[in-house]
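Shown next, in structure tokens, is the structure this report addresses.
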Amino acid sequence: QVQLVESGGGLVQSGGSLRLSCAASGRTFSSYVMGWFRQAPGKDREFVAAMRWNGGSTYYASSVKGRFTISGDKNTEYLQMNSLKPEDTAVYYCAAADRPIMLVALHQSYDYWGQGTQVTVSS
């Protein structure tokens with residue numbers, strides 16, 4: 001079994017920054033794609049960012065492009081969030097796929113999920 005554990009969430013003022021981390025543990029697996037999603041109260045889970053380990057391609061939602069940066073090393077991924085806005089408030093989840101996937105923005109593509117970490121941006 002693979003576990004993903006997020007950390008780094010919290011309360012920050014508008015314009016501030018946070019860095020989320022996601023560490024994978026458990027049985028050894030080869031992560032092909034790691035991603036971040038978020039879910040605000042009353043809304044569907046939405047794609048934030050993803051990265052393919054093979055080649056390092058990165059993908060971002062238009063709402064965060066230019067403000068958020070996804071990165072990582074073996075079995076750990078990060079989400080650097082700058083210029084945060086109140087509309088970024090949500091529970092953030094990391095996800096991993098241990099097989100090649102095409103639709104990185106589709107949450108059903110991923111095999112493993114973290115428990116989520118709350119990010120709150122005050123105005």
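Position 1 is the first residue of the sequence, and the numbers go up from there.
Contact between Gly116 and Glu6 at its shortest, heavy atoms only, is N-OE1, 2.8 Å. Residue Leu4 comes nearest to Gln115 through the heavy atom pair O-OE1, 3.5 Å, listed as atom of the first residue, atom of the second, then distance. Minimum interatomic distance between Ser123 and Ser14 (heavy atoms only, all atoms of both residues): CA-CB, 4.2 Å. Annotation for Ser21 and Tyr78: closest pair OG-CD2, 3.4 Å, computed over non-hydrogen atoms. Closest of all the heavy-atom pairs between Ala40 and Ala90 is N-CB, 3.8 Å.
With values rounded to the nearest 0.5 angstrom, Asp88 atom CG is found 5.0 Å from Arg38 atom CZ. The distance from the CG atom of Asp98 to the CG atom of Asp111 is 4.5 Å, given to the nearest 0.5 Å.
With Ser83 contributing its side chain and Arg67 its backbone, the two residues share no donor-acceptor pair below 3.5 Å.
Among residues two or more places apart in sequence or in another chain, the side chain to side chain contact (heavy atoms under 4.5 Å, CB included) test is passed with Ala105 by Phe47. Checked against side chain to side chain donor-acceptor pair (under 3.5 Å), Arg19 has no partners two or more places apart in sequence or in another chain. Applying the side chain to side chain donor-acceptor pair (under 3.5 Å) test to Asn82 and every residue at least two apart in sequence or in another chain returns Ser17, Gln80. Take Val119 and apply the side chain to side chain contact (heavy atoms under 4.5 Å, CB included) test, not counting sequence neighbours, and it matches Leu18, Leu20, Met81, Tyr92, Val121. For Trp113, the side chain to side chain donor-acceptor pair (under 3.5 Å) test picks out no residue, with sequence neighbours left out.
With a 4.5 Å cut-off on side-chain heavy atoms, Gln118 and Thr89 count as touching.
The closest side-chain donor-acceptor pair between Glu77 and Trp36 falls under 3.5 angstrom.
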For side chain to side chain contact (heavy atoms under 4.5 Å, CB included), just list the numbers for His107 and Asp44, CA-CA rounded to whole Å, side-chain angles, deciding distance to a tenth of an Å, and then say yes or no. CA-CA 11 Å; His107 67 85; Asp44 293 332; over 6 Å; no

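A chain of hydrophobic side-chain contacts below 4.5 Å, direct or via other Ile, Leu, Val, Met, Phe, Trp or Tyr residues, connects Val91 to Tyr110.
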Anything under 3.5 Å between a donor and an acceptor, one on a side chain of residues 48-55, the other on a protein residue two or more places apart or in another chain? List them.
unit_1	atom_1	unit_2	atom_2	d
Arg52	NE	Tyr59	OH	2.8
Arg52	NH1	Ile101	O	2.7
Arg52	NH2	Ile101	O	3.2
Arg52	NH2	Met102	O	3.4
Trp53	NE1	Ser31	OG	3.1

